[in-house]
Amino acid sequence: MTEVPKIVHQRLRTAGQAAEGAHPEADVLAAFAEQALSAAERDRVLEHLALCGDCREVVVLALPATELTPAPVEQEAEVQRAPAPVMPPGGWFAWANLRWAALAAGIAVAVLVARPGLERWAKPNAPVSMATSQAARPNGPAAPTAQLASGSAAEQSRMEAPKAETKQEFVPEKAKPAPFAAAARGSDSGTVIADNLKKGAAADKLESAPPPAPLALAAPGKTTEAVEVSGATGVQTTVSSLDSALMARNEAPAIAKAKPPLEEMVSEEKAGTGAQTQMKPQANNAMFATRAAAPLGLLSLKPNAMWMIKAGVLERSLDGGQSWQTAVKADHPLSCYAKRGQEVWAGGQAGTLMQSTDEGATWSVVKVSFKGQPLSSDVTSIDLKQDTAEIVLATATNETWSSADGGKTWQKK
Amino acid sequence: MPSRGQSGGIGAAADLYARSGAAAYSMSREHFAAILEEIQQKYVRDASAHAKVEFCAALRIEELALARACAAGNERAWEDFVSRYRQKLHAMALHITRDIAHAAELADSLFADLYGVSAHNGARSSKLAFYTGRGSLEGWLRTVMAQEFVNRYRKQKRTVSLEEQTDAGAQFVAKAPEAVCALDRRLETATDEALAELSAEDRFTLAAYYLDGRTLADIARALGLHESSVSRRLDRISTGLRKRILAGLRERGMSHAQAVEALETDVRDITLDLRSRLMQDSGPAAFPGRKAPAPNAGEGSE
């Protein structure tokens, strides 16, 4: 952050101390913080706030707790523009980053495992390709797809043809998907990749241009994608279902970060073989293709839904709080909500309890009762335990209702 | 035309009354209309009839009816209010004070003010009579609580005992040194001019970040922006200010080198006085407690 000269601090302070005039009332400050003022009125409030430290403090103190308003996700354009990854609130140890760490470790393992295999073969110059897999295309084999990402792929295939002859015999084995790859979340995309690899293997035979250690990077779905790394020995690592917006926000830079080590490691294998010059342009083109895929919507950029209760109605925002839509309205006013992954619960007066398991797309009314006695008092808070299916409701009459099975049966305390 | 506008206004008022649910709290149509009129008088007195209708349509009408019904002493409204906001008040207080004991004190105090324990002409007067529906009731409650907290903080700051000061090592604190060299008036004038050219939002951003030490996230939430936008804005303002101050100094007869030196000399020599920074306030009671009017809907709050 650029620092301003100290004279600016001093003059701002002096202006604040000299300022006079009445403070805006609480309802105006509240409306200001909720962006509910007209432009002219907002400017007047800002004029005051620029001078009044007390009111600035009030405005900031009166902001709702952070967990109720998660930070909006950066827009697509910003993802494309940002050169460095923006860290999510969880920091470096957030799950999204650990997943990438797992990917990086997988890549390292794949290359290390591939090393003896490659050395065993007379020609260790295994080309590594990173490509955007066109999984949606029915006839999109992996290896040719990798070539699509490279402008000089056909030429390269011809160059590699003589070397590839000795490797054809192990290509089908390499192309077999590892069991856990197919079983991973977002298995549809994983299966497509596996199919593509098989087709790719067949195509490789025909074209005599098999890449023995392909590194196919796929982004087939809108909300699901897979990054697959295959070594010559069949080692595969799959990371799929990048449904988190934070993950999406980080993925392009993370891929970019993963590139140099990959290049270095594989370059080591090829030192002195002359193949290095083939691999680098291919990888670079693949990276370009991967980055270019982001604005086309191939990568998941779905922001986290934001929620709030307004006038007894649960509202949802899918654009980082810019606009709000009614998510659910019950017969009685809603007063509290809680979320756990895709699961959202809302409670309100007269024992009203609503549940959505698809992040607010569809809702169902949950009838809460224990030994034939229904919950009739107002639900004032909902606590969803993060690691279990347990739900605990508190009511205005100080009752505690809990369910250990996701809301099917209830206990009253 | 006026009659048309008036009839439209009457229709809108009826619609607002129906939407507000005021009838459930035994609030008459006239009472509700008087409340709306009072709010219009306060905020859009000189606006056109159409603008007034739009203004009323944007109000949190249901929450307004609830708050004013509470202020009017309706027990059912109060029960609804308690069920919706009682627990939230404690959570809000904890969020503001970051201290369980202070939070309980603050929440209970506000709760009493909202109920209106202080009798006024024999009637209960509630702070909820000041809610006008411009923002959410929850946001208003948070703001009122934050104001109360800031007021108490000021009071406490002024009544720190000598022992506490000693414990805090205050008696050893040297008096903040004055600026080593007298400031060039041209620098102050050029800076003031450069600041005056900024928009109010930019000056708010500057003050919140550099004077108050607020985080980008807090500023972004207060302004309804993304954190990265605030960061970029601060960079832009800082760069622009520097250029503008330098230009102002050159206009006042300094060479570029002299202007740069003046700016940088200032950076070295002026001591940043955190104490006076914290003292940027306007009096012991910035938000004086307001006496609520009697729960008569016709009365204006101003």
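Side chains are part of it too, since the values below use all heavy atoms of this structure and drop only hydrogens, waters and symmetry mates. Keep in mind the model is a prediction, meaning the values are calculated, not measured. A note on names: the letters A, B, ... follow the listed sequences, proteins ahead of strands, and every chain is numbered from 1.
No part of B:I219 comes within reach of chain A, as not one of its non-hydrogen atoms sits under 4.5 angstrom from that chain. If you measure heavy-atom distances from A:R42 to chain B, the contacts under 4.5 Å come from the side chain alone. With a 4.5 Å cut-off on non-hydrogen atoms, A:Q35 touches chain B through its side chain but not through its backbone. For B:I245, the part lying near chain A is the side chain, with the backbone staying farther off; criterion is any non-hydrogen pair under 4.5 Å. If you measure heavy-atom distances from A:D43 to chain B, the contacts under 4.5 Å come from the backbone alone.
With chain A as the partner, the residue from B:L141, B:D192, B:L66, B:L241 showing the most heavy-atom pairs under 4.5 Å is B:D192. Ranked by heavy-atom pairs shorter than 4.5 Å toward chain A, the options B:R60, B:K88, B:M145, B:M92 are led by B:R60. Between chain B and the residues A:V379, A:T380, A:T395, the most heavy-atom pairs under 4.5 angstrom are made by A:T380.
Pairing each heavy atom of B:E188 with each of A:I7, the nearest pair is CG-CD1, 4.2 Å. Scanning all heavy atoms of the two residues, the minimum distance from A:D27 to B:F130 falls at OD2-O, 3.9 Å. Residues B:L211 and A:H9 approach most closely at CD2-O, 3.7 Å, considering heavy atoms. Taking each heavy atom of A:P333 and B:E62 in turn, the nearest pair found is CG-OE2, 4.2 Å. Nearest heavy-atom pair across B:H95 and A:L63 is NE2-O, 3.2 Å. Closest non-hydrogen pair, A:A26 versus B:Q147, comes out as CB-OE1, 3.8 Å.
Screening A:E25, A:E41, A:E34 against B:R134 for a side-chain hydrogen bond (donor to acceptor under 3.5 Å, both in side chains) leaves a single residue, A:E41. Checked options B:D218, B:I96, B:T143; the residue passing with A:L61 is B:I96 (criterion: side chain to side chain contact (heavy atoms under 4.5 Å, CB included)).
Of the inter-residue distances, the one linking A:C55 atom SG with B:F204 atom CZ reads 10.5 Å to the nearest 0.5 angstrom. One finds the CZ atom of A:R11 at 14.5 Å from the CG atom of B:L206 (value rounded to the nearest 0.5 Å).
Side chains of B:R142 and A:V58 form no contact here, defined as non-hydrogen atoms less than 4.5 Å apart. When side chains are defined from C-beta on, B:R203 counts as touching A:E47, because their heavy atoms get closer than 4.5 Å.
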*Take B:D212 and A:E57 through the side chain to side chain contact (heavy atoms under 4.5 Å, CB included) test and state the conclusion after the steps.*
CA-CA 8 Å; B:D212 305 341; A:E57 187 173 4; over 6 Å; no
*Show your working on side chain to side chain contact (heavy atoms under 4.5 Å, CB included) between A:L29 and B:W140 and close with a plain yes or no.*
CA-CA 8 Å; A:L29 287 180; B:W140 180 81; over 6 Å; no
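Annotation: residues 79-87 of chain B contacts chain A through B:D80, B:S83, B:R84, B:Q87 [non-hydrogen atoms, separation under 4.5 Å].
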